[in-house]
Amino acid sequence: TTSIIPVDLNCLLFHLEWQLSKASRMKGDKAAVAHFRGLANQRKNLIRQYLWNEEVGYFMDFNFKKAEHTRHMTLAGAFPLFFGIANRDQAEKIKDVLMEQFLKEGGLVTTLNHSGQQWDAPNGWAPLQWMAVNGLLAYGYKEEAKEIMQRWLALNEKVFENIGKMMEKYNVEDLSLLSGGGEYETQDGFG
């Protein structure tokens, strides 16, 4: 992990830098505004330069020691939509990847990798659904966002009707199962 530049973390840092520039503007500190806005814009450009994988049309983590993208696609690739980092062409390609590869019967799968771990397929997690849906909405992809929402909410409602509680994660591929994999038993709540 020490050689990986992650998409989601860098998008979060971009957002923090941008928020610090806004707070500095409210304070009237022009030097701080310029400093943090400069950091945010630089990070945005570097995210587009190093984390965009044109071959697959998606943002992916980057191994800087190997100078190549990692081989696994994850929902972290949708974070640049949520934070307004993707350009229009990238947004269109991300939307296509989400709808063609990540969207399953019950919503978006967290990764395309079936490792048996909780953050991989077949599981979906509420915060990542929310980020992807709101990212799609920010770029005007209302129908696609609505489709994801309807599938995710239908699964959540079905599980709640059957067991009387929300879960931390859901199996979005096989709607007859709750979820599985990971280092601990599936937890109640979070859904």
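Since we're looking at a predicted model, the values are computed, not measured.
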(Q) To the nearest 0.5 Å, what is the distance between CD on Gln129 and CG on Leu75? (A) 6.5 Å
**Q.** NZ-CG distance between Lys158 and Leu153, expressed to the nearest 0.5 angstrom
**A.** 14.5 Å
Q) For the atom pair CG (Asp96) and OH (Tyr141), what is the distance rounded to the nearest 0.5 Å? A) 7.5 Å
Q. Is the number of heavy atoms from other residues, nucleotides or ligands under 6.0 Å of Glu55 CD greater than 12?
A. no
Q) Side chains of Ser176 and Asp174: do they bring a donor and an acceptor to under 3.5 Å? A) yes
Q.
So if I apply the side-chain contact (heavy atoms from CB on, under 4.5 Å) rule between Glu147 and each of Met149, Glu143, Arg151, which one comes out positive?
A. Arg151
Q: Under the salt bridge (Lys or Arg N to Asp or Glu O under 4.0 Å) rule, collect the residues that match up with Lys44, sequence neighbours excluded.
A: none
Q: Identify whether Met131 and Leu13 are in the same connected component of the hydrophobic contact network (ILVMFWY, side-chain heavy atoms under 4.5 Å).
A: no
Q: Side-chain contact test, heavy atoms from C-beta onward, threshold under 4.5 Å: evaluate it for Leu112 versus Val109 and give yes or no.
A: yes
Q: Answer yes or no: is there a side-chain heavy-atom contact under 4.5 Å between Val172 and Glu105?
A: no
Q. With a 4.5 Å limit on heavy-atom distance, are the side chains of Arg71 and Met60 in contact?
A. no
(Q) Membership question, hydrophobic clusters at under 4.5 Å side-chain separation (ILVMFWY): are Phe64 and Leu9 in the same one? (A) no
Q.
Please verify the inter-ring angle class for Phe14 with Trp18; under 30° counts as parallel, over 60° as perpendicular, anything in between as tilted.
A. parallel
**Q.** Least distance between heavy atoms, Arg48 atom then Phe59 atom
**A.** CA-CE2, 4.1 Å
(Q) Please give me the minimum heavy-atom distance between Val33 and Ser21, naming the atom from each residue. (A) CG2-O, 3.5 Å
Q) Between Arg43 (side chain) and Gly38 (backbone), is there a donor-acceptor pair under 3.5 Å? A) no
Q. Taking atom SG of Cys11 and atom CZ of Phe82, what is their separation to the nearest 0.5 Å?
A. 10.5 Å
Q: Please check if the distance between the ring centroids of Trp152 and Tyr170 is under 6.0 Å.
A: yes
Q.
side-chain contact (heavy atoms from CB on, under 4.5 Å) for Thr111 and Met73? Distances and angles first, verdict last.
A. CA-CA 6 Å; Thr111 74; Met73 295 172 66; over 6 Å; no
(Q) Check this for me, if you would: do Glu92 and Lys95 make a salt bridge, where the nitrogen-to-carboxylate-oxygen distance has to be below 4.0 angstrom? (A) yes
Q: Determine the minimum heavy-atom distance between Ala86 and Ala91, stating which atoms define it.
A: CB-N, 4.1 Å
Q: Over all heavy atoms of both residues, which pair between Gln117 and Asn123 is shortest? Give the atoms and the distance, please.
A: O-ND2, 4.1 Å
Q | Nearest atoms (heavy-atom pairs only) where Asp61 meets Pro6 | A | OD1-CA, 3.2 Å
Q.
Within this structure, what is the CD1-NE2 distance for the pair Ile85 and His15, rounded to the nearest 0.5 Å?
A. 10.0 Å
Q) Does one hydrophobic cluster hold both Trp119 and Leu12, with members joined at side-chain heavy-atom distances below 4.5 Å? A) yes
Q. Going through the checks in order, is the side-chain contact (heavy atoms from CB on, under 4.5 Å) test met by Phe36 and Lys22?
A. CA-CA 9 Å; Phe36 288 115; Lys22 289 170 60 176; over 6 Å; no
Q) If you look at every heavy atom in Leu108 and Leu98, which pair is closest and at what distance? A) CD2-O, 3.9 Å
Q | Lys146 and Val133, any side-chain heavy atoms less than 4.5 Å apart | A | no
Q: Apply side-chain contact (heavy atoms from CB on, under 4.5 Å) to His69 and Val56, showing your working.
A: CA-CA 11 Å; His69 291 101; Val56 297; over 6 Å; no
**Q.** Linked, directly or transitively: Phe79 and Leu137 (ILVMFWY side chains, under 4.5 Å)
**A.** yes
Q | Set of residues satisfying ring pair (Phe, Tyr, Trp, His ring centres under 6.0 Å) with respect to Tyr58, sequence neighbours excluded | A | Phe102
Q.
Do Leu39 and Ile5 land in one hydrophobic cluster if side-chain heavy atoms of ILVMFWY residues count as linked below 4.5 Å?
A. no
Q) Do NZ/NE/NH1/NH2 and the carboxylate oxygens of Arg37 and Glu17 come within less than 4.0 Å? A) no
Q) Taking it one step at a time, do Leu46 and Gln42 satisfy side-chain contact (heavy atoms from CB on, under 4.5 Å)? A) CA-CA 6 Å; Leu46 290 170; Gln42 179 182 22; 4.0 Å; yes
Q | Option from Ile94, Asn87, Val7 for which side-chain contact (heavy atoms from CB on, under 4.5 Å) with Trp52 holds | A | Ile94
Q | Rounded distance [0.5 Å steps], CD in Glu68 versus CG in Asn53 | A | 10.5 Å
Q.
Whether the side chain of His35 engages the backbone of Lys30 through a donor-acceptor N/O pair (distance < 3.5 Å, no angle test) should be reported.
A. no
Q: Spell out, as yes or no, whether a donor-acceptor pair under 3.5 Å connects the side chain of Asp120 to the backbone of His114.
A: no
